[in-house]
*Asks:* 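Once you've had a glance at the structure underneath, I'll fire off some questions.
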Number of protein chains: 2
Amino acid sequence: MPSADTPLRALKLVQSNSLPMLVQKEIERMILAGEIAIGEWLNESALSQRFSISRGPVREAFRSLEESGLVRQEKNRGVFVREVSVEEADQIYDLREALDELIGKQVTACATPDQIKVLHALMEEMDNVARADDVSPYYALNLRFHDRLAEFTGNRKLVTIYRRLINELHLFRLRGLSQFGGLRKSTDEHRAMVKAIESKKIEAAGRMFKAHVVASRRRMDKAFGRDKTS
Amino acid sequence: MPSADTPLRALKLVQSNSLPMLVQKEIERMILAGEIAIGEWLNESALSQRFSISRGPVREAFRSLEESGLVRQEKNRGVFVREVSVEEADQIYDLREALDELIGKQVTACATPDQIKVLHALMEEMDNVARADDVSPYYALNLRFHDRLAEFTGNRKLVTIYRRLINELHLFRLRGLSQFGGLRKSTDEHRAMVKAIESKKIEAAGRMFKAHVVASRRRMDKAFGRDKTS
DNA sequence: GGGTTGTCGATTGTTGACGATCGACGATTG
DNA sequence: CAATCGTCGATCGTCAACAATCGACAACCC
């Protein structure tokens, strides 16, 4: 949390963040936090008034958000929070399988002891909330866990793409509000993944990561009451 | 080439394309065609005057272009065509390996005879220009070939991501204008890829596609005079 | 003369206003 | 009474003007 208490920090903040960027981040936060419902219409002037700015920066933020897949724009109608269909979620999972496999391999190849410590710490936290079957914080921690893994590859483009996909999947999950459980199994898989990283077996880690996504997709399918026997 | 000769087409065109979108596409074209140099500064008002519109739509187009990775924005300074570093190109190739492997597998799993025909046609064209060592048209055909393959997966998100990566790689290539040859080897690999698709061997196709990216990266490294012995 | 500081033109950031378009509501007609 | 058409309010698309910021050049001081 970057607090702007000192003038120095405030200066850097003002220099780096433009109005449209700030608006973009705030709207993104609102969408991901569920403050704006899926499919809901985003009123340009209402938002600009809410932020006490004009419509220009809001429109620019909309363009960024559209490109990153969070909203959809209809000409002369406005922008809406995107609704991710089942088919699309499926396609995203296909991508995640490939990307997570890559993440597993790359992290195994280049992870530092410090980074592995971070992973262990996150796993411990997740263990705690999983024991209490506390889905909401578990979900957040899970996101952080996978995000860190993506970061540890050192591949910034990968991180960007990965985050966008996760965001869109989040959009899909928000439709059915069930957080589909399987917390214990998930933690077991995480443990196996980190173990694979520590053992420096690149290919094995890749398979492990991919398997985790596959299992994760299965859990989701189950929660949404559809079987993928094919 | 979508000609707007009939009023019906023009209507659809006007309805779907907004000014910012048009500008975005045009600037994207200019960048990829090399009409604007790498690192070059994009003058907001100059562009708006050139298109006979105001600065608003241009600014919105900039936001989209930034999010898609073609330009970089510096606050109070303007936007510049992004310069893709060697490190970044490397990272993109890592991603391409994973994505192309996925593409190979998925296309093999679901390609229709018609689609395979399209691939054959493209390969034949490439053969012709390769025989003449005509790099420029070969390059364009190669892009189309891979783009079609991505499309044939039916995974729209994959297509979007793939195209962005290809665009950024193109940005990198534009730095050193050498189109790094190896045309014959490239066509051989393409033939092997399509053969794998036709034989319906999913895993083999995946490996073949990945290998093509690896070889392609090697050729680039060579052309840029750096060895990857590590 | 080297370095610093003030000033200026150019460009970006932001705004408020105007015209165009859309969806909804109510009037009209068969 | 139902279906269609016209009108109206709300919202989007676009624009032109204003304010803030930057880089460069020149004047100034030591």
Side-chain angles (χ1 to χ4, degrees), chain A residues 4 7-28 30-31 36-37 39-67 70-83, chain B residues 4 7-28 30-31 36-37 39-67 70-83:
Chain A
L8 255 154
R9 297 252 173 248
L11 192 68
K12 279 284 171 197
L13 234 151
V14 145
Q15 281 178 339
S16 58
N17 294 77
S18 65
L19 224 22
M21 217 184 262
L22 264 324
V23 175
Q24 177 190 355
K25 283 180 185 166
E26 176 59 9
I27 296 180
E28 183 170 331
M30 289 197 292
I31 292 176
I36 312 175
E40 191 175 325
W41 165 58
L42 294 175
N43 188 324
E44 235 178 67
S45 40
L47 278 169
S48 64
Q49 285 177 342
R50 171 171 179 168
F51 299 137
S52 308
I53 57 175
S54 81
R55 282 171 46 216
V58 176
R59 287 179 62 85
E60 290 184 35
F62 281 170
R63 287 284 161 193
S64 294
L65 287 169
E66 167 162 50
E67 207 67 21
L70 281 181
V71 305
R72 147 183 64 90
Q73 234 165 333
E74 288 182 31
K75 190 172 153 70
N76 284 322
R77 296 245 4 250
V79 322
F80 305 82
V81 179
R82 271 203 41 208
E83 1 197 356
Chain B
L8 255 152
R9 297 253 172 245
L11 193 68
K12 279 283 170 199
L13 235 153
V14 147
Q15 280 177 340
S16 59
N17 294 74
S18 65
L19 224 20
M21 218 184 261
L22 265 322
V23 175
Q24 177 190 355
K25 283 181 185 165
E26 175 59 9
I27 296 180
E28 184 170 329
M30 289 197 291
I31 292 176
I36 313 176
E40 191 174 326
W41 165 58
L42 294 176
N43 188 323
E44 235 177 67
S45 39
L47 278 169
S48 63
Q49 285 177 342
R50 170 170 179 170
F51 297 137
S52 307
I53 57 175
S54 83
R55 283 171 45 219
V58 175
R59 286 178 64 83
E60 290 184 33
F62 282 169
R63 289 282 163 197
S64 293
L65 288 168
E66 166 161 53
E67 208 66 20
L70 282 180
V71 305
R72 148 183 65 91
Q73 236 168 328
E74 287 183 31
K75 190 173 151 71
N76 286 321
R77 297 240 7 249
V79 322
F80 304 82
V81 179
R82 270 202 45 207
E83 1 198 357

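Note: hydrogens, waters and symmetry copies are ignored here, and every other heavy atom, side chains too, is used. Numbered from 1 within each chain, the chains take letters A, B, ... in sequence-line order.
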*Asks:* Sequence neighbours left out, what passes side-chain hydrogen bond (donor to acceptor under 3.5 Å, both in side chains) with B:Ser54? Give chain and number order.
*Replies:* none

*Asks:* Would you list the pairs meeting salt bridge (Lys or Arg N to Asp or Glu O under 4.0 Å) in which at least one residue belongs to residues 14-26 of chain A, sequence neighbours left out?
*Replies:* A:Glu26-A:Arg29

*Asks:* Summarise protein proximity over nucleotides 9-17 of chain D in one line of letters, 5' to 3': B for base, S for sugar-phosphate only, - for none, counting protein heavy atoms closer than 4.0 Å.
*Replies:* --SBBBB-B

*Asks:* Please identify each residue that fulfils side chain to side chain contact (heavy atoms under 4.5 Å, CB included) with A:Val71, with sequence neighbours left out.
*Replies:* A:Ile31, A:Leu42, A:Leu65, A:Glu66

*Asks:* Can you list the residues that meet the side-chain hydrogen bond (donor to acceptor under 3.5 Å, both in side chains) rule with B:Arg50, with sequence neighbours excluded?
*Replies:* none

*Asks:* Going 5' to 3' on DNA chain C, which nucleotide is the first and which the last to come under 4.0 Å of a heavy atom in chain A?
*Replies:*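 Extent of the interface on DNA chain C: C:dT14 to C:dG23.
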
*Asks:* With sequence neighbours excluded, tell me which residues meet salt bridge (Lys or Arg N to Asp or Glu O under 4.0 Å) with B:Glu67.
*Replies:* A:Arg164

*Asks:* Can you list everything that forms a side chain to side chain contact (heavy atoms under 4.5 Å, CB included) with B:Asn43? Sequence neighbours excluded, please.
*Replies:* B:Trp41, B:Ser45, B:Ala46

*Asks:* With B:Gln24, which residues qualify under side-chain hydrogen bond (donor to acceptor under 3.5 Å, both in side chains), at least two apart?
*Replies:* none

